[in-house]
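Single-structure report; data block below.
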Amino acid sequence: MKLRFEAEKDFGSFRFEAATEVEGRTIGIFGQSGSGKSTLVHLVAGLLQPDRGEIFLDGDCLFSSSRGVNLSPRKRRVGLVFQHAALFPHLSVRSNLLYGYRRTKSEHRRIDPGLLIDALGLGGLMQRGVGTLSGGEKQRVALGRAVLANPRLLLMDEPLSALDDTLRFQIIPYLKRVSEEFAVPALFISHSVIEMQLLADRVLTIHGGTVTGECSPDALARSAMAENRRGYTNLLQLSGASPENGLFRYRWGENCLQISDGRNGGSALYELSSRDIILFRNHPEAISARNLLECRVAERFAADHRVGVVLESGGRRLVAEIVRDAAEELGVREGATVFAAIKASSFRRLL
Amino acid sequence: MQLTPEDIQAIRLSLQVGIVATACSLVPGFAVAWVLAFREFRGKALLEVLVSLPLTLPPVVIGFLLLLLLGRNGWAAPLLNTLGIQLIFTWKAAVIASATVGFPLLVRSIRLGMESIDPSLIQAAQTLGAPWHDRLLTVVLPLSMRGILAGSSLMFARSLGEFGATIIVAGNIPGLTQTIPLAIYDYAASPASTSMALSLCLVSVAISVVVLFLHENLASRLAGRRQR
């Protein structure tokens with residue numbers, strides 16, 4: 001998917017003026033509330049009309065003020081998943097899901113409803129009315145409904161922000177699976193760095209109504225490290241736990257991790273704040289933290305007055321965060337060996 | 001309680017006028033409500049005033065204006081005469097009077113119902129490929145059902161009570177154009193017929209109660225269907 005975008009829209013008190021060109025499968029649009037993320041989505045979907053500019057999707061002109069082109073939303077074949085699902089309250093789950101599919105020309109019908117319904121785990125809900133669904137189920141139906149219209153681009157306007165943390169991380173695998181298995185390119189809007197890390201290939205940052213840059217999700221997480229209360233969020237996908245003394249033991253590179261909030265069998269996703277890692281230059285003899293990992297410093301980067309230290313062990317990486325003075329005292333440089341201490345309870349299981 | 005054959009005819013006529021006036025107004029009422037709720041255009045304020053005008057005008061004024069329009073020598077007389085249509089002093093004139101007076105109530109209720117629809121539902125239908133008439137039928141119409149129902153009940157009830165405009169354009173001809181309020185008016189004019197007037201009043205109350213119950217019942221059934 002390739003999106004070229006150059007548009008101006010004046011709302012009086014707020015002015016949106018953005019020009020960008022992005023290419024990729026899942027593009028994240030990151031910005032705080034009021035930065036213009038939703039405006040961008042509405043402009044691409046055709047629900048708002050720019051005052052001036054051009055919008056091209058895969059070479060097709062959706063809008064151009066100079067050529068006088070303005071495709072109606074229904075002709076753009078751009079799907080939209082709303083923040084609050086926006087399911088039709090008078091229709092069943094099945095009718096909601098098939099609303100767009102039934103209105104899609106047969107030559108554009110590429111996605112099989114049965115397969116998608118299975119992938120989203122909605123099989124058992126088909127005859128239900130949407131009033132009885134939980135927040136997570138609603139959002140899955142909304143996602144299915146948009147995808148079944150076989151859009152060329154799926155716009156997701158903060159689809160997870162109305163859900164609590166547990167539900168949020170339960171939905172993310174569905175989003176990933178749909179985008180990967182059914183090859184639907186997506187523009188994913190969020191103000192959460194973790195969601196960007198988990199879902200996006202590339203990230204566009206937006207601030208005060210303009211696109212301020214493009215970066216990788218990791219670069220976004222690094223730059224947000226200093227401002228974020230939890231620092232840089234390390235995401236660890238771990239599997240094959242073995243219980244040991246009330247903790248769960250996972251293999252991680254050349255080391256082992258001991259985690260309190262573990263899970264037997266299957267894989268689990270953990271978050272670990274860069275601020276919960278303590279670095280030692282030499283092996284401390286005895287320590288209460290259950291994890292003491294011998295790592296190589298792969299990279300260091302600066303964020304404000306702090307230093308991010310990328311630790312590596314057997315091909316796996318973690319980012320620790322220390323203040324600049326500590327970095328000097330420890331002699332942290334690329335290639336150096338350090339010991340990282342992490343409490344077993346510092347890992348938070350997301351899924 | 002006793003009812004003469006004329007009374008029964010008046011009751012039948014009242015119901016007939018109410019039902020026909022409401023049924024005929026539904027489609028235009030829905031269309032005008034849709035235009036007022038969803039469209040922006042020049043002269044919208046004028047249309048709003050025009051639609052609401054019968055609500056504030058005395059019904060007698062409306063009746064008189066209708067008489068000027070539809071009467072034997074009225075503004076629309078050439079057209080009506082060519083088509084061979086006689087309206088004044090028939091039950092059809094009573095329908096027109098009721099429809100004119102009740103129309104603003106119908107439009108207001110439907111419009112309120114439409115304006116309470118979450119705009120993102122309509123946007124969702126749009127991005128899912130539904131053209132405007134499709135959205136109108138599959139999203140707007142079902143979601144404004146409560147407004148339509150409320151508006152219809154209100155309009156029907158208003159028709160039952162319609163007096164001022166009806167007496168001018170339809171007259172008060174027993175068995176032909178005499179509705180319940182007109183019959184009561186006749187009875188009330190002579191002191192001997194108080195009990196007859198009272199009987200018709202009771203019938204009036206009974207019909208209103210049934211309409212209100214029916215409305216509540218349908219509305220709660222509609223609400224219940226959403227919860228499934």
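Naming: A, B, ... by sequence-line order, numbering from 1 per chain. Because the structure is predicted, anything quoted here is derived from the model rather than measured.
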Just wondering, are more than 12 heavy atoms of other shown residues or ligands nearer than 6.0 Å to CZ in Arg12(B)? no
Check whether any side-chain heavy atom of Leu80(A) lies under 4.5 Å from a side-chain heavy atom of Gln123(B), and answer yes or no. no
Separation between CG of Asp134(B) and OH of Tyr99(A), rounded to the nearest 0.5 Å: 4.5 Å
Is chain B contacted by the side chain of Arg145(A), its backbone, both, or neither, given a heavy-atom distance below 4.5 Å? both
Nearest heavy atoms of Ala86(A) and Leu121(B), plus distance in Å: O-CD2, 3.3 Å
Do other residues, nucleotides or ligands put more than 12 heavy atoms under 6.0 Å from the CZ atom of Arg108(B)? no
Chain B heavy atoms under 4.5 Å from His42(A): which part of the residue, side chain, backbone, both or neither? side chain
Interchain contact, Ala149(A) with chain B, by part (heavy-atom threshold 4.5 Å): side chain
With distance as the sole test, does His90(A) use its side chain to make a donor-acceptor pair with the main-chain N or O of Leu222(B) at under 3.5 Å? no
Nearest heavy-atom pair of Gln126(B) and Pro73(A): which atoms, and what distance? NE2-CG, 3.5 Å
Do Phe88(A) and Leu128(B) make a side-chain contact, defined as non-hydrogen atoms from C-beta onward lying under 4.5 Å apart? yes
Considering only heavy atoms, which portion of Leu87(A) lies under 4.5 Å from any heavy atom of chain B: side chain, backbone, both, or neither? backbone
Nearest heavy-atom neighbours spanning Gly129(B) and Arg103(A): O-CB, 4.1 Å
Answer with side chain, backbone, both or neither: which region of Ala146(A) has an atom nearer than 4.5 Å to a non-hydrogen atom of chain B? backbone
